[in-house]
Amino acid sequence: MMRDDVEYVLPLRWDDQAHRSDAAELGEYLAWLTCRVDVTVVDGSPAHLFAAHRRDWAPARVVPPSVPGRNGKARGAMTGLVLARHPLTVIADDDVRYDDGSLQQVVAALSDADIVRPQNVWLRPRPWHARWDTGRTLVNRAFGGDFSGTVAVRTGLARPGYDTDVLFENLELERTIIARGGRRRIARDIFVARRPATAGRFREQRVRQAYDSLAQPARLALELAVVPLILALRRRPVALALAGTAVIIAAEAGRRRDGGRGVFERTDALWAVPWVIERGLASWVALSLRLRGGVPYRGARLRRAANSMRTLRKKERR
């Protein structure tokens, strides 16, 4: 039943090192997937890697990106949506690992929604930086929902496309569908596994992820306030400790929300404190990059994190 309804789109762009270390494992996952759904890999890798992937990952369909834009991941996702053969599409990064249960759940959630945002959980064993990032996840769960490396959408409403020149492509896709009258579900109770990144990859994403907040002004204001607050309280250790405790309490509320206690560890909320401090610092760097023309991204600069709902609604009316 699922094959007749669902397209799985995987945008990627690898170099030789990623190919050597991950191609076999991803190939096994794609072989598992193709027994359940039709799979389209949109591969922006160099020609020799593209040829190897097309050969080794059959029967998945491997195609090059054909949609213009400066954000390679958005180009890949949009190419996959254009080529999708089915009314429902699951878009996932190359480190996302669905199982039967989570795949069926996310597809079923589209019965009363047009875009579904599930919850990613890092696979174990988790290195230190994955636990650090879990602090971010729990804070986001406490105040709404976390943006993950995968979404499910109704294909027709995601066409003819969305802006591929923005950095925060998941938010751009979500806002575009809502601007078209679509319904969103933040599925905090659907847990989808994700392989932890390397420590190097984690480090290079710090400022880029902070730049995403430029599309969410209220959030950005809170993140920019972190460093001034720490400086103001530096001679008041009790007040500083209380602020840190408030962060941990918020993260723990996120851990307990919608079945999270079954997948997150008891000590995960403690990692919210270093993450909040890191985000407070990175947000100022991101703001300075915005003033200098945008965040560097694969040899270019992306100025916009995402378009506002007002801009997108005007665009849809036109």
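Excluded from the calculations below are hydrogen atoms, water molecules and symmetry mates; all remaining heavy atoms, backbone and side chain alike, are included.
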Would you say [Y] and [X] are linked by a side-chain donor-acceptor pair, where the criterion is simply a distance under 3.5 Å?
{"X": "D43", "Y": "H53", "value": "yes"}
{"X": "D38", "Y": "Y8", "value": "no"}
{"X": "R255", "Y": "T134", "value": "no"}

Counting distance only, does the side-chain N/O of [X] pair as donor-acceptor with the main-chain N or O of [Y] below 3.5 Å?
{"X": "D146", "Y": "T137", "answer": "no"}
{"X": "R159", "Y": "L81", "answer": "yes"}
{"X": "R70", "Y": "R301", "answer": "yes"}
{"X": "R117", "Y": "I186", "answer": "no"}
{"X": "S45", "Y": "F50", "answer": "no"}
{"X": "T150", "Y": "I91", "answer": "yes"}
{"X": "D165", "Y": "G69", "answer": "no"}
{"X": "T155", "Y": "H86", "answer": "yes"}

Should [X] and [Y] count as side-chain neighbours, where that means a heavy-atom distance under 4.5 Å?
{"X": "R313", "Y": "R318", "result": "no"}
{"X": "R304", "Y": "D163", "result": "yes"}
{"X": "E169", "Y": "N71", "result": "yes"}
{"X": "L49", "Y": "D16", "result": "yes"}
{"X": "V37", "Y": "V90", "result": "no"}
{"X": "R13", "Y": "R298", "result": "yes"}
{"X": "T267", "Y": "R131", "result": "yes"}
{"X": "L26", "Y": "L12", "result": "yes"}

Worksheet entry | Pairwise ring-ring contact (aromatic ring centres under 6.0 Å, His included) hits with a residue in residues 168-193, at least two apart | F147-F168
Item to complete: Quick one: which residue pairs count as a ring-ring contact (aromatic ring centres under 6.0 Å, His included) with a foot in residues 228-269, not counting sequence neighbours?
Response: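 Applying ring-ring contact (aromatic ring centres under 6.0 Å, His included) to every pair that reaches into residues 228-269, excluding sequence neighbours, yields nothing.
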Spacing of [X] atom [atom1] and [Y] atom [atom2] [to the nearest 0.5 Å]:
{"X": "E278", "Y": "S283", "atom1": "CD", "atom2": "OG", "result": "9.5 Å"}
{"X": "R261", "Y": "D268", "atom1": "CZ", "atom2": "CG", "result": "14.0 Å"}
{"X": "T176", "Y": "L171", "atom1": "OG1", "atom2": "CG", "result": "9.0 Å"}
{"X": "L173", "Y": "T164", "atom1": "CG", "atom2": "OG1", "result": "12.0 Å"}
{"X": "T89", "Y": "I115", "atom1": "OG1", "atom2": "CD1", "result": "11.0 Å"}
{"X": "L312", "Y": "I177", "atom1": "CG", "atom2": "CD1", "result": "11.5 Å"}

Would [X] end up clustered with [Y] when hydrophobic side chains under 4.5 Å apart are linked, directly or stepwise?
{"X": "V9", "Y": "V62", "result": "no"}
{"X": "W271", "Y": "I277", "result": "yes"}
{"X": "M309", "Y": "L214", "result": "no"}
{"X": "I190", "Y": "Y98", "result": "yes"}
{"X": "V41", "Y": "L103", "result": "yes"}

Enumerate, atom names and distances included, each donor-acceptor pair closer than 3.5 Å involving a side-chain atom of residues 219-229, sequence neighbours excluded.
unit_1	atom_1	unit_2	atom_2	d
R219	NE	E223	OE2	2.8
R219	NH1	N140	OD1	3.0
R219	NH2	N140	OD1	3.0
E223	OE1	S213	OG	2.8
E223	OE2	S213	OG	3.3
E223	OE2	R279	NH1	3.2

Worksheet item: Salt-bridged, R195 to D22, with N to O below 4.0 Å?
Response: yes
Worksheet item: Any ion pair linking R257 and E252 (charged N to carboxylate O, less than 4.0 Å)?
Response: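 No salt bridge links E252 with R257.
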Worksheet item: Can you name the one residue among E172, R175, K314, K315 that meets side chain to side chain donor-acceptor pair (under 3.5 Å) with N307?
Response: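 When E172, R175, K314, K315 are each tested with N307, the side chain to side chain donor-acceptor pair (under 3.5 Å) holds only for E172.
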Counterpart residues, salt bridge (charged side-chain N to carboxylate O under 4.0 Å, His left out), relative to [X] (two or more places apart):
{"X": "R303", "result": "none"}
{"X": "D114", "result": "R154, R183"}
{"X": "R290", "result": "none"}
{"X": "R194", "result": "D93, D95"}

Practice prompt. Could you list who else is in L242's hydrophobic cluster, with ILVMFWY side chains joined at under 4.5 Å, directly or through other members?
Written response: V238
Worksheet item: If you group Ile, Leu, Val, Met, Phe, Trp and Tyr whenever their side-chain heavy atoms sit less than 4.5 Å apart, what else falls in with L291?
Response: none
Worksheet entry | Aromatic contact, W14 with W57 (centres under 6.0 Å) |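 Yes, ring centres under 6.0 Å apart.
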Worksheet item: Within 45° of the ring axis of F202 and under 6.0 Å from its six-membered ring centre, is that where the NZ or CZ of R206 lies?
Response: yes
Can you pull the salt bridge (charged side-chain N to carboxylate O under 4.0 Å, His left out) pairs that have at least one residue in [range], sequence neighbours excluded?
{"range": "residues 97-110", "result": "E25-R97, R36-D100"}
{"range": "residues 54-65", "result": "E7-R61"}
{"range": "residues 224-248", "result": "none"}

Worksheet entry | Verdict with reasoning, L10 to L33, per side chain to side chain contact (heavy atoms under 4.5 Å, CB included) | CA-CA 11 Å; L10 193 164; L33 268 177; 5.8 Å; no
Discussion item. Please find the pair of heavy atoms, one from A31 and one from T34, that lie closest to each other, and give the distance.
Written reply: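 Answer, listing the atom of A31 first, then T34: O-OG1, 3.0 Å.
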Practice prompt. Show the numbers, then the answer: is there a side chain to side chain contact (heavy atoms under 4.5 Å, CB included) between R201 and H129?
Written response: CA-CA 10 Å; R201 177 67 173 162; H129 54 275; over 6 Å; no
Fill in: Pair L88-V153, side chain to side chain contact (heavy atoms under 4.5 Å, CB included): steps then yes or no
CA-CA 6 Å; L88 309 178; V153 300; over 6 Å; no
Worksheet item: How are the rings of W32 and Y29 set relative to one another: parallel (under 30°), tilted (30 to 60°) or perpendicular (over 60°)?
Response: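 Taking Y29 first and then W32, their aromatic rings lie parallel (interplane angle under 30°).
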Practice prompt. Kindly determine whether V63 and L83 satisfy side chain to side chain contact (heavy atoms under 4.5 Å, CB included), including the steps that lead there.
Written response: CA-CA 10 Å; V63 299; L83 296 176; 3.8 Å; yes
